[in-house]
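Just below is one structure, and these are the notes that go with it.
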Amino acid sequence: MGKEIGVTVKKSEDFSEWYTQTVIKSELVDYAPVKGLIVLRPDGYSIWESIKSSLDKKFAATGHRNGFLPTLIPESLLTKEKDHFAGFNPEVFWVTKSGEGELGDRLALRPTSETLAYTLFSKWIRSWRDLPLKINFWNTALRAEIKATKPFLRTSEFLWQEGHTVHTNSDEAQKEVIDILELYKKTVEEELAIPVITGKKSEKEKFVGAVYTFTMESLMPDGKALQMGTSHFLGQNFSKPFEVKFADKENVESYAWQTSWGVSWRLIGGMIMVHGDDKGLVLPPRVAPIQVVVIPIYYSDEDREKIEKVSKEIEEKLKNAEIRVQVDNREELKPGFKFNEWEMKGIPLRIEIGPKDLEKNQVTFARRHNRQKDDQAITGLVERVVSELDKIHNDMFSDAKKILEDRTIEVETYNDFKTELEKGRLIKAPICDNPKCEEEIKEETSADVRVITSDSDDTSSKCIKCSDQSTSRPLFARGY
RNA sequence: GGGAGCGUGGUCUAGCUUGGUAUGAUUCUGCGUUUGGGACGCAGAGGUCGCGCGUUCAAAUCUCGCCGCUCCCA
């Protein structure tokens, strides 16, 4: 009995069902009354806030400032850059009425803010002295998802940040694209313990309207790749239609060079998939809403008093050390139930304190990620918790990295490509520069070019599709 | 675009063929006993049976329509 409280399927047997149960039962999210929309509950939002705060620090340190844009964008603006609009059009939500009255110009619920932001940039920027302009927006974007939706990965509205920068020259803008990509990679690896592969998107997969797109990709346990963040070099593709112009030092008017970049709550989805196990969530310590849970265990009122006192002391000390700690002193539940519940919620470290521990002036540590338990002296406990949380993070990252490396493979033939794809691998394969080959591979196998890494030049192999001379060796996978 | 299935307390569910006012579990509240890996007893709370029209003395159940959800195929 009671088993149905937890996740009832194995991650390895029914990944999709496992994921849905895990996010719902661990109380990160709930479904909203409208299809394709989800509600973030406090534990879920807390993870987002951790990611947000970590990124905000890095953005600020590199000279970016936050602003806020409205959700509604007039149709006339959205259509100004043709490719861009064509790319987003099928998934745009439109507002056509206010009350019972029809609106003259339809309003789009922003699928992304380039067009709106750049209209404003053209007003704000006059001179080279106004540049670079580096601004970031924390908001939501809406893109109608009619296909199967999945919390965090595919929803019709999602939380994200979108950064937009404007520069006087191409080089500086391109450096920004790379700097942001590195900043993202650092955040994902150091906060979420997810290893990523960075590089360029192919022409076919780049952001619509961009000159090129850089991406960071990670591999999920079901063998699908997840795009965890993108950074786009827009060149002058938007500055021209939106007239983002400046007078340079010689007073010559020229079009500015722009970038845009973003990460979304997809990061949370990736984190759940990469680290979770059959018991539910496994949270990386740096973003866990609660890092340490203390479970008091007692048999008599006498023990209870003593143990509650010690728990409280430990709680105080950990709080002073800025550890997010919670003592679970719910009386109606037995310890076993609490163990299971906190494990489902993925709390990285559990401290059990019982009469046997107290006799020896110690507590029991139970780690979530590897489910190992051992004794720890109460003296020096805070320092040990701090180092343990770091160690847990490092373990989680290196475990995930090993899996990523083990599952990345090189092939030379289309047959091998298909075989490895079925095994859920990330595949490095040579391809020529004819876009038809990439297209046909996608049609036939549903795998696409996820990322072209900086070391992927290869002109001495044969394209797996047409056998012509290859130009590069990008990473392929099926994607989310 | 084509096909299939489902909708019953917060959650999961029985009942529907053969019409008679809804079963069980879980959850929730109170009291008591429990507490080192998902405790138990007792008492109690909680349902416009997706919505609407119809048939009938009587509809969760039968007819028709609508809405919503899920899955499969293009």
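Numbered from 1 within each chain, the chains take letters A, B, ... in sequence-line order. All values derive from a computational prediction rather than experimental measurement.
- Nucleotide B/C16 forms a pair with no other nucleotide shown, judged by Watson-Crick or G-U wobble geometry with both contacts under 3.5 Å.
- The separation between A/K279 atom NZ and B/G37 atom P is 12 Å, rounded to whole Å.
- Here A/R350 lies in heavy-atom contact (under 4.0 Å) with a base.
- Looking at which nucleotide of RNA chain B each of A/E331 and A/M344 is closest to, the 5′-most match is held by A/E331.
- In the interface, the side chain of A/K373 is paired with the base of B/G37 through a donor and an acceptor atom under 3.5 Å apart.
- For B/U48, there is no paired nucleotide, since no Watson-Crick or G-U wobble pair has both relevant distances below 3.5 Å.
- Relative to the side chain of A/Y298, the nucleotides B/G38, B/U35, B/G36 differ in distance, and B/U35 lies closest.
- Pairing partner, B/G54: B/C62, with both Watson-Crick or wobble hydrogen-bond distances short of 3.5 Å.
- Within 3.5 Å, a donor on the side chain of A/E343 pairs with an acceptor on the base of B/G37, or the reverse.
- Between the side chain of A/R110 and the backbone N or O of A/L69 there is at least one donor-acceptor pair closer than 3.5 Å.
- OP1 or OP2 of B/G36 sits under 4.0 Å from a side-chain N or O of A/K334.
- Within 4.0 Å of A/K338, counting heavy atoms only, lies no atom of the nucleic acid at all.
- With values rounded to the nearest 0.5 angstrom, A/K360 atom NZ is found 12.0 Å from A/I378 atom CD1.
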Residue pair A/D390, A/R286: steps toward the salt bridge (charged side-chain N to carboxylate O under 4.0 Å, His left out) verdict = CA-CA 8 Å; A/D390 275 339; A/R286 288 168 199 163; 3.0 Å; yes
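- Taking atom C1' in both B/A4 and B/G19, the straight-line distance is 28 Å, to the nearest Å.
- The distance from atom CD of A/Q21 to atom P of B/U11 is 16 Å, rounded to the nearest whole Å.
- In this structure, CD1 of A/I24 is placed 11 Å from P of B/C12, rounded to the nearest angstrom.
- Comparing the C1' positions of B/U61 and B/U18 gives an interatomic distance of 10 Å, to the nearest angstrom.
- Pair assignment for B/G68: B/C6, on the basis of Watson-Crick or G-U wobble contacts that are both within less than 3.5 Å.
- Contact annotation for A/L333: base contact, defined as any heavy-atom pair under 4.0 Å involving a base atom.
- Across the protein-nucleic acid pair, A/R304 atom CZ and B/U34 atom P stand 13 Å apart, rounded to whole Å.
- In this structure B/C40 sits in a base pair with B/G32, meeting the Watson-Crick or G-U test at under 3.5 Å.
- The nearest pair of heavy atoms linking A/K418 to A/T445 is CG-CG2, 4.1 Å.
- A/W18 and A/D278 are not linked by any side-chain donor-acceptor pair at a separation below 3.5 angstrom, with hydrogens and angles left out of the test.
- When the C1' atom of B/A39 is taken as reference, atom CZ of A/F337 falls 11 Å away, rounded to whole Å.
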